[in-house]
Asks: 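Structure below; questions to follow.
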Amino acid sequence: MSTQRNILITGGAGFIGSHVVRRFVTKYPQHRIINLDALTYAGNLENLRDIEQAPNYVFVKADICDAEAVPKVFKDYAIDGVIHLAAESHVDRSITDPLAFVRTNVFGTVTLLNAAKEAWNTVMEGKRFYHVSTDEVYGSLHDESLFLETTPYDPQSPYSASKAASDHFVRAYGNTYKLPFVLSNCSNNYGSHHFPEKLIPLMINNIRNNKPLPVYGKGENVRDWLWVEDHAAAIDTIFHGGVNGETYNIGGHNEWKNIDLVHLLCAIMDRKLGRTAGESAKLITYVTDRAGHDLRYAIDATKIERELGWRPSITFEVGLERTVDWYLANSEWLDHVTSGAYRSYYEAQYGR
Ligand code: NAD
Ligand code: DAU
């Protein structure tokens, strides 16, 4: 698709969104990229400093729930493609404030769908609504199986329930109004610009500050980790080459028990910080488990690999080294995002 397009990316100031925006702005100078973000606690324009002056980039501060602002963006910028990432994304926050997740993830997604439906009403041809979702909608695995695109939905947390509801609405708009959509469900991402409420950046930040490393329960829960730039590449592949109405699972074939991952991070950080081997691991502290904690997620990514030719580009070992290097080289970024509101969140969640 080399013709000029006006692509609306929602949530582009967040973790994954900023990688998607950067990739599209730099790789597709013929496209105009409109980043719509409400700049919640998780949104940070510092994530996009390097591309904010690009001639094909526009930032609009707006809430996806705003039924006046969102249609106006479709009209002002003649939007013909959407990549929807804006969401409340942290499971622990969904346990303390589920309605915030219903508002943004369900109400916000439907507001965006309505705007697309109205704007594209007469000509749906060539339009595309890409909904970025999560593997958590499939629930929790308790055996050796993997999540397939056909696995029945079984969300277990308020976060995953809200994402599942948004997925259902996207498919319902495809069926009812013939809205051209694609959808993907991805496993856990890691990499630069990841807000340190999530496991990997939280552990890196605490190791560097010699703070306790809070491992929930026994640390036996399993996650399937994918480098965020590989997720951005998969989104690019699906946006440009995916088939309308299809769903693609994205994952790294990279399952880790939390406790093993935290030990690996400690070992990498010991080496990088010149500490004695084993020093950082002494900070590991087992804390009360997350309520309703999903045991295991693991993705079967055969479909996107076979049909669209996407594959993860780097190993976990390389990706984690790069990630740790980024946080150590960007301690200012970590200091900025962990000041202010982060402190009160941290105290409420971990009690210190
Ligand atoms: P994030 O929390 O880092 O970023 C979310 C972004 O959305 C922020 O910039 C925030 O300001 C913006 N936002 C939140 N509410 C908004 C609203 N009402 N209106 C406009 N903007 C709003 O999230 P992330 O980890 O980058 O996740 C992005 C998307 O990818 C989400 O839809 C998430 O469900 C999905 N996903 C995440 C992962 C992961 O491992 N992080 C894995 C699979 C899928
Ligand atoms: O699977 C995709 C999902 O991955 C995304 O949809 C979510 O947006 C994203 O936040 C992530 O959800 P998780 O709940 O898996 O990620 P989190 O980083 O919060 O936790 C990863 C694992 O680590 C999980 O088993 C809980 C555990 N954990 C987490 C934190 C923050 C701890 O043991 N201690 C912690 O302090």
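Note that the structure is predicted; figures quoted are calculated from it, not measured. Numbering of ligands and ligand atoms starts at 1, following listing order.
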Asks: Run the numbers for me: atoms of ligand 2, each under 4.0 Å from some heavy atom of Y297, listed by number.
Replies: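 It comes down to these atoms of ligand 2: 1 (O), 15 (O).
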Asks: Heavy-atom pairs closer than 4.0 Å: do any link ligand 1 to the side chain of L39, the backbone, both, or neither?
Replies: backbone
Asks: Could you tell me whether ligand 2 has any atom less than 4.0 Å away from a heavy atom of K163?
Replies: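 No heavy atom of K163 comes that close to ligand 2.
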Asks: Among side-chain atoms of H231 and N189, is any donor-acceptor pair under 3.5 angstrom?
Replies: yes
Asks: Examine R290 against ligand 2 and note whether any of their N/O atoms are separated by less than 3.5 Å.
Replies: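 Yes, there is a polar N/O contact under 3.5 Å.
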Asks: Evaluate whether atom CZ of F169 has more than 12 neighbouring non-hydrogen atoms of other residues, nucleotides or ligands under 6.0 angstrom away.
Replies: no
Asks: S313 and D230: side-chain donor and acceptor closer than 3.5 Å?
Replies: yes
Asks: Can you tell me if G12 contacts ligand 1 (heavy atom of the residue under 4.0 Å from the ligand)?
Replies: no
Asks: Using a 3.5 Å cut-off on N or O atoms only, is E88 in polar contact with ligand 1?
Replies: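 Min N/O separation from ligand 1 is not below 3.5 Å for E88.
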Asks: Would N189 count as being in polar contact with ligand 1, using the rule that some N or O on each side must be under 3.5 angstrom apart?
Replies: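 It does: an N or O of N189 is found under 3.5 Å from an N or O of ligand 1.
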Asks: Name the closest protein heavy atom to atom 3 (C) of ligand 2, giving the residue it belongs to and the distance to 0.1 Å.
Replies: E136 OE2, 2.9 Å
Asks: Return the closest protein heavy atom for atom 1 (P) of ligand 1 as residue, atom name and distance.
Replies: S89 OG, 3.6 Å
Asks: Compute whether any side-chain donor of one residue and acceptor of the other, for Q156 and D154, lie under 3.5 angstrom apart.
Replies: yes
Asks: Relative to Y28, does R5 satisfy both conditions: NZ or CZ under 6.0 angstrom from the six-membered ring centre, and within 45 degrees of the ring's axis?
Replies: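 No, a cation-pi geometry is absent between R5 and Y28.
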Asks: Between Y177 and N114, is any side-chain donor less than 3.5 angstrom from a side-chain acceptor?
Replies: no
Asks: Can a donor-acceptor pair be found between the side chains of H31 and N6 at a distance below 3.5 Å?
Replies: no
Asks: Looking only at distances, please establish whether an N/O atom of ligand 2 is found under 3.5 Å from an N/O atom of Y216.
Replies: yes
Asks: For atom 25 (O) of ligand 2, tell me which residue out of K198, H293, R296 has the closest non-hydrogen atom.
Replies: H293
Asks: Does K198 make a cation-pi contact with Y190 (under 6.0 Å, within 45 degrees of the axis)?
Replies: no
Asks: Backbone or side chain, does any N or O of L202 fall under 3.5 Å from an N or O of ligand 2?
Replies: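 L202 vs ligand 2: no N/O contact under 3.5 Å.
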Asks: Nearest heavy atom to atom 5 (C) of ligand 1: which of S162, A87, A100, S187 does it belong to?
Replies: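 Nearest heavy atom to atom 5 (C) of ligand 1 lies in A87.
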Asks: List ligand 1 atoms under 4.0 Å from A62, heavy atoms only on the residue side.
Replies: 19 (N), 20 (C)
Asks: Give the residue and atom name of whichever protein heavy atom lies nearest to atom 1 (O) of ligand 2, and the separation in Å to one decimal.
Replies: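 Result for atom 1 (O) of ligand 2: D135 OD1, 2.6 Å.
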Asks: Do the side-chain N and O atoms of N35 and Y57 include a donor-acceptor pair separated by under 3.5 angstrom?
Replies: yes
Asks: Can you tell me if S339 uses its side chain to pair, donor with acceptor, with the backbone of H336 under 3.5 Å?
Replies: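 Yes, because the side chain of S339 sits within donor-acceptor range (under 3.5 Å) of the backbone of H336.
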Asks: Between Y138 and Y153, is the ring centroid distance below 6.0 Å?
Replies: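 Centroid separation for Y138 and Y153: below 6.0 Å.
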Asks: Do ligand 1 and K163 have nitrogen or oxygen atoms that lie under 3.5 Å from each other?
Replies: yes
Asks: Got an N/O contact under 3.5 Å between N258 and ligand 2?
Replies: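 By distance alone, the answer is yes.
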Asks: Which option wins on minimum heavy-atom distance to atom 22 (C) of ligand 1: A86, G251, G191?
Replies: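 Considering heavy atoms of A86, G251, G191, the nearest to atom 22 (C) of ligand 1 sits in A86.
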Asks: Please determine whether any non-hydrogen atom of E197 lies less than 4.0 Å from an atom of ligand 2.
Replies: yes
Asks: Considering heavy atoms of the protein only, find what lies nearest to atom 18 (N) of ligand 1 and give residue, atom and distance to 0.1 Å.
Replies: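 Nearest neighbour among protein heavy atoms for atom 18 (N) of ligand 1, to 0.1 Å: D63 OD1, 2.9 Å.
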Asks: Specify the closest pair of heavy atoms between N249 and F147, including all atoms of both residues, with the distance to one decimal.
Replies: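 N249 and F147 have their closest heavy atoms at ND2-O, 3.1 Å.
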Asks: For a quick check under 3.5 Å, do H131 and T109 share a side-chain donor-acceptor pair by atom type?
Replies: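 Their side chains do not contain a donor-acceptor pair, so the 3.5 Å distance test is not met.
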Asks: Could you list which atoms of ligand 1 come closer than 4.0 Å to a heavy atom of N188?
Replies: 40 (O)
Asks: Regarding D270 and S280, is there a side-chain donor-to-acceptor distance under 3.5 Å anywhere?
Replies: yes
Asks: Write out the residue and atom name of the closest protein heavy atom to atom 36 (O) of ligand 2, then the distance separating them to 0.1 Å.
Replies: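 Nearest neighbour among protein heavy atoms for atom 36 (O) of ligand 2, to 0.1 Å: Y350 OH, 2.6 Å.
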Asks: If I apply the N/O under 3.5 Å rule, does T134 come out as touching ligand 2?
Replies: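 N/O-N/O distance below 3.5 Å exists for this pair.
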Asks: Check this for me - ligand 1, H194, N or O atoms closer than 3.5 angstrom, yes or no?
Replies: no
Asks: Please report whether ligand 1 has a polar contact with C186, defined as an N or O pair separated by less than 3.5 Å (distance criterion only).
Replies: no
Asks: Which distance, rounded to the nearest 0.5 Å, do you find between the OG1 of T104 and the CD1 of I64?
Replies: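 Result: 5.5 Å between the selected atoms.
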Asks: Can you tell me which residue and heavy atom of the protein come closest to atom 4 (O) of ligand 1, and the distance to 0.1 Å?
Replies: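 In this structure, atom 4 (O) of ligand 1 has G14 CA, 3.5 Å as its nearest protein heavy atom.
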Asks: What is the closest protein heavy atom to atom 10 (C) of ligand 1, and at what distance does it sit?
Replies: T40 OG1, 3.3 Å
Asks: I want to know if ligand 1 touches D37 in the polar sense, i.e. an N/O pair below 3.5 angstrom.
Replies: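 Yes, since at least one N or O of D37 sits under 3.5 Å from an N or O of ligand 1.
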Asks: Using only heavy-atom distances, determine whether the side chains of Y41 and R93 contain a donor-acceptor pair under 3.5 Å.
Replies: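 Their side chains do contain a donor-acceptor pair, which is all the 3.5 Å distance test asks for.
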Asks: Which is it for L199 and ligand 2 at heavy atoms under 4.0 Å: side chain, backbone, both or neither?
Replies: both
Asks: Tell me the protein heavy atom at minimum distance from atom 39 (C) of ligand 1, and give that distance in Å.
Replies: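 Closest protein heavy atom to atom 39 (C) of ligand 1: I16 CD1, 3.7 Å.
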Asks: Taking only heavy atoms of V132, which atoms of ligand 1 are found under 4.0 Å from at least one of them?
Replies: 30 (O), 32 (O)
Asks: For ligand 1, is there an N or O atom under 3.5 Å from any N or O atom of L36?
Replies: no
Asks: Looking at F107, I want to see if its CZ is surrounded by more than 12 non-hydrogen atoms of other residues, nucleotides or ligands under 6.0 Å.
Replies: no
Asks: Considering I16, I200, N188, which one's heavy-atom position lies nearest to atom 4 (O) of ligand 2?
Replies: N188
Asks: Checking a contact table here: which protein heavy atom is nearest atom 3 (O) of ligand 1, and how many Å away?
Replies: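 Of every protein heavy atom, F15 N, 3.1 Å lies nearest to atom 3 (O) of ligand 1.
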Asks: When you measure from atom 34 (O) of ligand 1 to each heavy atom in W225, Y297, Y159, F101, which option holds the nearest one?
Replies: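 Looking at heavy atoms only, Y159 sits closest to atom 34 (O) of ligand 1.
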Asks: Side-chain donor-acceptor pair under 3.5 Å between Y130 and S184, yes or no?
Replies: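 Side chains of Y130 and S184: pair found under 3.5 Å.
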Asks: Assess T10 for proximity to ligand 1: is some non-hydrogen atom of it under 4.0 Å away?
Replies: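 It does not, in that no heavy atom of T10 comes within the 4.0 Å cut-off of ligand 1.
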Asks: What about S133: any of its N or O atoms under 3.5 Å from an N or O on ligand 1?
Replies: no
Asks: Once the angle between the rings of W256 and F316 is folded into 0 to 90°, is it parallel (under 30°), tilted (30 to 60°) or perpendicular (over 60°)?
Replies: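 Rings of W256 and F316: tilted, 30 to 60°.
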Asks: Quick one: does any side-chain atom of K211 pair with a main-chain N or O of I207 as donor and acceptor, under 3.5 Å?
Replies: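 Checking the backbone N and O of I207 against the side chain of K211, no donor-acceptor pair under 3.5 Å is found.
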Asks: Are E305 and H253 linked by a side-chain donor-acceptor pair shorter than 3.5 Å?
Replies: yes
Asks: Hey, is R103 close enough to D63 for a salt bridge, meaning N to O under 4.0 Å?
Replies: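 Between D63 and R103 there is a salt bridge, with a charged N closer than 4.0 Å to a carboxylate O.
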Asks: Judging by distance only, is a nitrogen or oxygen of A38 under 3.5 angstrom from one on ligand 1?
Replies: yes
Asks: Have a look at A298, S89, S94 and point out the one with the heavy atom closest to atom 7 (C) of ligand 2.
Replies: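 Among A298, S89, S94, the closest heavy atom to atom 7 (C) of ligand 2 belongs to S89.
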Asks: Say whether Y190 and ligand 1 are in contact under the criterion: heavy-atom distance to a ligand atom below 4.0 Å.
Replies: no
Asks: Could you tell me whether L85 and ligand 1 have an N or O pair separated by under 3.5 Å?
Replies: yes
Asks: Identify whether NZ of Lys or CZ of Arg in R223 sits under 6.0 Å from the centre of the six-membered ring of Y297 and within 45° of that ring's axis.
Replies: yes
